[in-house]
Structures are given as structure tokens and as C-alpha cells.
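Protein chains get the first letters and strands the later ones, always in sequence-line order, with residue 1 at the start of each.
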Amino acid sequence: MSNSNKIQPRTLKGFRDFLPDAAIARESLMDTAREVYRSYGFVPIDTPVLEYLEVLTGKGGEESDKQMYRFQDGGGRDVGMRFDLTVPFARFCAQHIGQLGTPFKRYHIAPVWRAENTQRGRYREFMQCDFDTIGTESLNSDVETLLVIHDLFLALGFEGFQIRINNRKVLSGLLERLGLADKATPVLRAIDKLDKIGPEKVAEELTRSAGTTDEQNERVLALTSLQGERDQMLDELQKLVAGSETGELGVQELRGVLQMAKAAGVPDSRVRLDVSIARGLDYYTGTIFETFLDELPSIGSVCSGGRYDNLAEVYTKQRLPGVGASLGVDRLLAAMEELGRVDKRTSIADVFVPLFAADRMENYLGLCADLRKAGLRVELYPEAKKLGAQLKYADRRGFPLAVVVGDDEWEAQEAQIKLLASGETRKVPIKDLATALREALASLPA
RNA sequence: GUGGGUAUAGCUCAGUUGGUUAGAGCGCCGGUUUGUGGUACCGGAGGUCGGGGGUUCGAAUCCCCUUACCCACCCCA
């Protein structure tokens with residue numbers, strides 16, 4: 001077949017291949033998230049990629065319906081690919097919460113699909129890492145959500161990040177007082193842009209999309225533009241929503257969450273009360289979170305979430321309040337890539353064993369098997385090439401350690417451990433090799 | 001979905017007003033005498049210039065279409 005007859009190998013817009021370095025980075029990020037979630041007792045679940053279309057549509061607002069991949073399956077059923085993990089979770093809860101009992105805490109790490117235009121850190125297929133606590137209205141769960149986010153970013157190696165927090169009730173309270181309760185969606189969307197386009201433009205948009213008066217705009221902006229010291233802000237907010245039961249409750253909740261987070265050891269510098277964050281998604285009703293990296297705020301929020309009153313109301317009569325958040329794995333990865341924080345390792349094993357003495361294959365196989373039994377990840381080179389070439393391979397793949405055993409060493413029942421970063425070597429008896437390797441690994445810089 | 005930009009080797013990019021066999025750096029493979037990689041030196045492979053069509057004696061270079069990526073809007077992880 002001539003070259004021009006070949007099918008062009010290519011991927012769809014917004015869909016990507018992952019080469020080992022990217023796949024290793026992504027998996028290790030997900031492993032970290034998994035460990036943090038588990039450390040708080042969240043349990044894993046999974047749901048299907050495809051759902052009946054009626055299960056998915058009309059849940060996240062118009063925009064998500066537009067961006068959903070949908071088609072008819074072979075049996076003529078209208079189906080959709082999940083757009084996020086929250087809506088399938090709502091269906092899941094409506095179906096199974098009776099067996100699970102409440103409160104129920106789950107995490108779910110899986111890809112989702114959105115047919116929107118791509119951009120830096122925005123793809124059509126991307127991984128989300130959600131965790132939610134459902135079946136409780138306790139503010140303690142809101143605090144726990146914040147603590148999980150905080151632990152998560154620390155575990156991922158970030159020091160400089162900021163969790164912005166707000167409460168929808170504060171905004172709702174104000175809207176109620178201004179007689180704008182039915183315009184909540186356009187108003188919140190406009191407010192969400194405050195950081196980006198400034199107060200004048202927000203006012204314009206408010207008037208245009210929600211038909212607000214100048215006075216209403218002023219009141220909205222007075223509230224959302226609040227800045228400064230936290231307790232002062234809370235006091236100001238209190239005044240601005242005074243008279244609205246919802247609003248006052250919202251301020252009280254904010255105060256509570258912030259206070260407990262502080263008591264739990266989250267430094268003030270990493271939690272910012274930001275009255276301008278609103279979140280586009282319709283289902284949030286209480287606390288809302290967004291997380292920004294200090295080094296790259298422009299990539300947007302890398303972990304967002306909040307509290308919702310009634311997740312599964314369209315599927316069941318049972319009321320299921322909850323709170324949770326979603327880590328944007330691929331967006332975070334794009335950010336880390338840009339910041340040069342992605343490990344370029346293309347090997348996953350810790351120990352490289354060159355096939356040095358070609359006629360001792362059985363010895364090498366036995367040695368590797370023993371090391372693996374001892375819990376090490378070991379790669380044996382498949383060909384008896386020149387030692388230098390084999391070490392070069394190991395070096396390029398980023399192996400931390402090599403174990404060189406040639407005829408002399410086999411005779412003496414010794415092995416040479418080589419630290420590939422420094423070139424330093426040392427000899428140990430083969431019977432002590434596993435222990436020595438573990439020690440060597442432990443003493444390496446992370 | 002709308003508007004703007006970009007597309008040349010695996011990667012980052014040169015390529016003069018359209019003119020012969022399209023270049024560099026890095027990377028990759030091999031070598032610098034047989035048991036030690038990352039540096040140095042030598043050599044090599046690799047591109048129908050994103051794809052298709054058109055203008056021209058002649059197109060990487062000009063025009064049209066298409067696809068992907070980047071930026072903005074929108075929305076959001």
C-alpha cells in the first residue's frame with residue numbers, strides 16, 4: 001500500500017492522546033486525589049458513560065444541554081454522554097440511596113464530555129475528580145469540603161493557591177430584597193464576570209440581560225465589590241442583606257465555615273471571602289468554592305463546587321441536600337505543564353536492571369522476581385546490548401536506580417547499586433539487595 | 001456557535017520581492033576498540049512544507065476551501 005492510501009492518523013478536536021510522560025503525570029495526580037478523598041472516608045463509585053438523554057438534559061442549565069454529546073443508539077434510544085459527574089450522581093442517588101443510607105460520601109474519578117470550543121486547559125474530553133457528601137445539611141460538611149480541597153492542593157505540592165468562598169444565600173437574599181429573585185441566573189452570571197470586566201461593564205450587562213435599574217445595579221455592586229478584612233466584610237454584608245432571612249442565614253453560614261476552617265488550621269491566606277464568585281451552574285444554593293493557583297490565575301478555577309439543596313429532585317421525592325467539589329484534572333495538568341511542574345519521567349519503575357551477562361538470563365529473571373516480591377518496581381532490559389547503551393536508556397527514562405550485576409558480581413553474589421542522578425555506586429550482597437534498594441529510594445530527593 | 005491568529009523534521013523555529021537537490025538547534029539512531037549513562041567529537045536516519053483545489057513556465061511563499069491548534073466572546077474543570 002502506498003503512503004497516499006493510508007488513513008491519516010489523527011484525533012478529534014478537543015480529544016487527546018496521552019504519551020507516557022503525560023499519562024504518568026495524570027495518573028499520579030489522580031492517585032493523590034484518591035488518597036486524599038479516602039483519608040476523609042469518601043468511597044469510590046462509578047456510573048455509565050451513556051445515560052438516557054432525559055436523565056441528563058435540563059439539569060445544568062441551557063448551556064450544558066447545548067454542549068452535550070447526544071445520539072440515538074442502535075435500538076433507537078435517545079442517549080447522551082455525561083457532561084459532568086454531578087448529574088449522573090443525582091440519578092445514582094435517586095436510584096440507590098435507600099441501600100446506601102445517609103449521609104453518603106463518595107468520590108468519582110472519570111472522564112466527561114462537552115462539545116464546546118477548545119482553549120488552553122479546555123478540552124472536549126476531560127477528567128474530573130468529584131467528591132460529594134450527600135444527605136446532610138450540616139455546615140460541618142461544607143467545612144470538610146473546604147478542608148479536602150486544601151489538603152488536596154498541599155498533597156499535589158502546591159503552596160500558593162487560594163480557595164475563594166462565597167454563599168449563594170447572600171446573593172439570593174440581596175436579590176430578594178431588590179425584587180430580582182426571578183432574575184437570579186442572569187444576575188449571577190453577570191456578577192461572576194466582575195473580576196474580569198469590571199463594575200461598569202457588569203452594570204451594563206445587568207441592565208441588558210436582567211433589565212435592572214441603576215439603583216439595583218448599585219446595590220448589587222456594593223455587595224459584590226466588598227473587599228478588605230474578613231470580619232469587616234462580614235459585618236458589611238450583614239448590613240446589606242439585613243431584613244432578608246435568606247441573606248442573613250447566608251452570612252451566618254459564611255461566618256461559620258470560615259471560623260471552623262481557621263480552627264482546623266487552614267491559613268487565612270489560602271481562603272478568601274469573595275462575594276463576586278457566583279458559579280454559573282444553577283443547582284448551587286449555599287456555600288460555593290473556586291480554587292485558583294497563585295502562579296497562574298488566568299487558567300481559571302481548577303477545583304470548584306458548592307452546596308445544593310436538593311440534588312435529585314427531578315428523579316425522586318426524597319430530598320437530598322449535599323455539598324461537594326470537582327477537581328479539574330486536565331486543566332490543572334495544563335497549568336502544571338505551563339509552570340514546568342510536570343515530571344518528565346517516562347518510566348514508572350524504580351529499578352533498572354541491565355541484561356549484562358547475556359548467558360545468565362535465568363539469574364536475572366530470578367533476581368527481578370525476588371525484587372518484585374519485595375515490593376519494588378523493576379524493569380529488566382530485554383537485550384544484551386552494550387552496558388553503556390542500556391544505561392543510557394535508563395537515564396533517558398528517568399530511572400532513579402540501576403542494579404548492575406555482571407559475571408564478576410554473580411560469582412561473588414554481589415550487586416552494584418547505581419544512583420543514576422549522581423553516578424555514585426555501591427556494592428551490596430545480593431541477599432540484602434531489596435533492603436538496600438528501598439533505603440536508597442527512600443533517601444532520594446522527592 | 002461568532003470573530004482574529006497560526007500550521008515547515010519527533011520538539012522549538014529559520015526560509016529573503018514565488019525561482020534549481022527546503023535549513024538550524026535540540027531530540028533520536030550509530031560510532032569514538034571489547035564491564036558503566038547524562039558532557040565532548042564524528043557520522044546517520046527523518047519533511048510530497050497540515051490536507052484538498054486554484055493562479056503561474058515555476059508555489060513552503062499568492063488565492064479559495066477544509067482540518068487542527070492558540071487568543072477573545074460565550075461558558076466552564
Please give, in whole Å, the distance from [N] [atom2] to [X] [atom1]?
X	N	atom1	atom2	value
F356(A)	G37(B)	CZ	P	11 Å
R124(A)	C75(B)	CZ	P	18 Å
K385(A)	G37(B)	NZ	C1'	13 Å
L391(A)	G38(B)	CG	C1'	10 Å
L12(A)	U67(B)	CG	P	12 Å
L29(A)	A77(B)	CG	P	17 Å
E125(A)	A77(B)	CD	P	17 Å
Y393(A)	G30(B)	OH	P	13 Å

So what does [X] hit on the nucleic acid, given a heavy-atom distance under 4.0 Å: a base, only sugar-phosphate, or nothing?
X	answer
G388(A)	sugar-phosphate
L327(A)	nothing
V302(A)	sugar-phosphate
T291(A)	nothing
Y123(A)	base

Scan side-chain atoms only and decide if [X] and [Y] contain a donor-acceptor pair under the 3.5 Å cut-off.
X	Y	answer
E253(A)	T287(A)	no
T212(A)	N217(A)	yes
Y107(A)	D132(A)	no
R272(A)	Q162(A)	yes
Y393(A)	E379(A)	yes

I want to verify a distance call: between [options], whose nearest atom is closest to the [X] side chain?
X	options	result
E116(A)	C75(B), G37(B), G35(B)	C75(B)
R122(A)	A77(B), G37(B), G35(B)	A77(B)
K193(A)	C75(B), C71(B), G35(B)	C75(B)
K13(A)	G1(B), A77(B), C69(B)	C69(B)
K392(A)	C74(B), U36(B), C29(B)	C29(B)
Q119(A)	A77(B), U2(B), A72(B)	A72(B)
F126(A)	A72(B), C29(B), A77(B)	A77(B)
R114(A)	C70(B), A77(B), G35(B)	A77(B)
T118(A)	C69(B), G30(B), U36(B)	C69(B)
E409(A)	A77(B), U36(B), G35(B)	G35(B)

inquiry  = Counting only side-chain nitrogens and oxygens, does K427(A) get under 4.0 Å of the OP1 or OP2 atom of U36(B)?
reply    = no

task = Establish, with yes or no, whether the OP1 or OP2 oxygen of C29(B) is under 4.0 angstrom from a side-chain nitrogen or oxygen of R396(A).
result = yes

Taking the [atom1] atom of each, how far is [N] from [M], in whole Å?
N	M	atom1	answer
G23(B)	A14(B)	C1'	7 Å
G27(B)	U16(B)	C1'	29 Å
C13(B)	C71(B)	P	14 Å
G46(B)	G35(B)	C1'	33 Å
C74(B)	G50(B)	C1'	28 Å
A45(B)	C28(B)	C1'	9 Å
G47(B)	G51(B)	P	13 Å
G31(B)	A68(B)	P	43 Å

G-U wobble or Watson-Crick pairing nucleotide for [N] (cut-off 3.5 Å, both distances):
N	value
G25(B)	C11(B)
G30(B)	C42(B)
U2(B)	A72(B)
G47(B)	none

From K193(A) atom NZ to T224(A) atom OG1, the distance as rounded to the nearest 0.5 Å = 13.5 Å

N117(A) or G423(A), whichever maps to the more 5' nucleotide of RNA chain B =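 Result: N117(A).
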
ask   = Taking the nucleotide of RNA chain B with the closest heavy atom to each, which residue, G14(A) or I299(A), is nearer the 5' end?
value =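 The answer here is G14(A).
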
ask   = Is the CD atom of Q72(A) crowded by more than 12 outside heavy atoms at less than 6.0 Å?
value =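 Yes - once you tally the heavy atoms of other residues, nucleotides and ligands closer than 6.0 Å, there are more than 12.
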
key: Under-3.5 Å donor-acceptor pair between Q416(A) side chain and U36(B) base   =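 In this structure, the two groups form a donor-acceptor pair.
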
inquiry  = Should the side chain of R331(A) and the base of C76(B) be counted as holding a donor-acceptor pair, with the cut-off at 3.5 Å?
reply    = yes

request  = Name the orientation class of the two ring planes belonging to F131(A) and F42(A) (parallel below 30°, tilted from 30 to 60°, perpendicular beyond 60°).
outcome  = perpendicular

query = If you draw the axis of the six-membered ring of F292(A), does the NZ or CZ of R164(A) fall within 45° of it and under 6.0 Å from the ring centre?
reply =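 Positive - R164(A) is close enough to the ring of F292(A) and near enough to its axis.
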
